[in-house]
Amino acid sequence: MNSFTRPNGREPLDSRQFLNEDCSEVSRQVFTSEELYQLEQRRIFDKSWLYVAHESQLKNPGDFVSAYMGEVPVIVAKGGDGKISVSVNSCPHRGLRVCRADQGNASRFICPYHTWSFKPTGELVGIPQARKMGPEVDKSKWGLKQAAKVESVFGLIFATFNPEMVSLDEYLGEQKFYLEAYFDRFPGGLEIAGPAHKWDLKCNWKLPVENMHGDVGHAAYLHGSFVAVDSPQNIEIEDYAVTAVARDGHAAVFRLMPEDSTFEQRGVHSPHSSPELQEYLTEVERTVAERLSPVQARIKGMAQGIYPNMSLLWGQNTLRVSHPRAPGLIEYWSWLLLPADAPDNLKEEIRAGYCMAFGPGGILEQEDSYAWRLQYEGSAIDYLNDRPYFYGLGVGEEKAHPELPGMVGKCYNEHYARRLYMRWREDMFGEENV
Ligand code: FES
Ligand code: FE
C-alpha cells in the first residue's frame, strides 16, 4: 500500500502524494484538502467546459436563467438575435449581483446598489447618476464580463472562462455517442421542467460526480429497500450493465440489452409505472431506430457524467450539477428532464416518480446524500492519512468494444472512477507530473 503524505503548505504539491499510478488508490486528502480545493478552482473550474443551462429554458429573446460556473454566478440569456450569452453576474461598478432571480424573461437587470441597468445579455444601458455628471461614460466598456466561449450540444449549453479551450465537440469526444443515445431517443427531444431543486450538502464536489459516473456497486445495497439484490431489475443490471469511458473524465453506465430483447424490455420504467406510461416508453423504443444506431437503440437506463461536475440519470429523468463551495460543502442542483412530446398526464407521472426518488426529498437522494456526508467525514480523519481508498475493482478488465466507443468494463469495474481521477490529475498537476 502506498503511504500518502499530508500537504503541509511548504512543499510543492506532487500528484504522487494523492494518487498511485493507475489511480487504484486515492488519498482521502483529495476530498478534504483546502489547498487542493483552491487549486481545483483555478485549474479545473476556470478552464473546463461547464454545463450552464438547457436550450428548452431559453425559448424567447429575453429569457434567462441564473447558473454557476464553479463558484462564479453567471446569467445565461437569449439575446434579440437568438444568440445565447453567458455573463458573469457581478456589477462592474461595485460587484453586486445584478440578477437575483432564478429564471424568467427580462428586458433589463437593475443593480440594487446604484441602479445601473443592463440588458439580459450583459450590455450596460443606463447609469442614472451619469446624467448629472460629466464627462460621458463609455458604456460599451462597462458591460458584464462574458464567458470566453459558449457552445451547445443536444440542447445542453456549456460555457468556459478559458479562451484557449478546445471546441466542446473535441472536449466531449466520443462521449457524444452516449449523450445522443439519451437526448435523441425521444421523438420530440427532452426538455427541462421548471427550476432546479437546490440544496447544500456537506461533502466534496467530486463525491456525487464519481457516484453518478458509474457506481452501480451501491445501487442494490445502499438502496436495498428500493432495488433489492434479487429483484428482476437488479438481476437485469448485473447481467447486462457495462461501464464505458470514451474519454478520461467522462463516463457512462447502462444496460446493453441483447439484440433479441423486446421493445417492452428496453423501455425504462419501474414496475409501478402505469400501463399508459409503460406503453408510451415501449413505443419510444419501437421507433428509436429512426433516430439512433442499432447499438444505441439497445442502450437502456444510463447514468453518465460529463467532466468536471455534470451528471445525468436517465432512469430517474434527472440532470444535476455539483457546485463546489468549500472542500466539504457543495450546492447541489437537480433538474427534472421530460420527453417534450409526452402527454401531460404522463409528464406528471414522471415528475412524481422523480420527486419520490430524487431531489432533496427523494428516498434515493436521501440515501446517497447520507453516504456522501459520511464519506466526507471519513476522509477528514487525520489518523487515516496513510490509508488511501481502494479504487481497484476490475483493474485491467475493461477493454475496447466492437460496437461501443471507449473502454468498456463489466458493471462493477471501477475504471470510470480511475479514469476520472486520471483526468483530475492531468488538470491539477500536468502530464509531466503523472
Ligand atoms: Fe451596481 Fe453600483 S454596485 S450600480
Ligand atoms: Fe444512489
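In each ligand, atom 1 is the first atom listed, and ligand 1 is the first ligand listed.
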Leu346 side chain reached by Leu277 side chain, heavy atoms, under 4.5 Å: yes
Side-chain heavy-atom pair Glu210, Tyr391 within 4.5 angstrom cut-off: yes
Phe254 ring center within less than 6.0 Å of Tyr178 ring center: yes
Identity of the N, O or S atom of His93 lying closest to atom 2 (Fe) of ligand 1: ND1
Ligand-residue contact atoms, ligand 1 with Tyr113, heavy atoms, under 4.0 Å: 2 (Fe), 3 (S)
Under 4.0 Å to a heavy atom of Arg94 - the qualifying atoms of ligand 1, by number: 3 (S)
Metal-centred angle, the Fe ion (ligand 2) as apex - OD2 of Asp368, NE2 of His218, 10° resolution: 150°
Whether Glu367 has an N, O or S atom under 2.8 Å from the Fe ion (ligand 2): no
The single option from Arg185, Arg298, Arg266 passing side chain to side chain donor-acceptor pair (under 3.5 Å) against Glu285: Arg185
Among Glu331, Glu40, His323, side chain to side chain donor-acceptor pair (under 3.5 Å) partner for Trp205: Glu40
Proximity of Phe154 and Tyr182 rings by center, below 6.0 Å: no
Cys91: numbered ligand 1 atoms lying under 4.0 Å from its heavy atoms: 1 (Fe), 3 (S), 4 (S)
N/O/S from His114 sitting under 2.8 Å away from atom 2 (Fe) of ligand 1: yes
Heteroatom test (N, O or S) for Cys111 near atom 1 (Fe) of ligand 1, limit 2.8 Å: yes
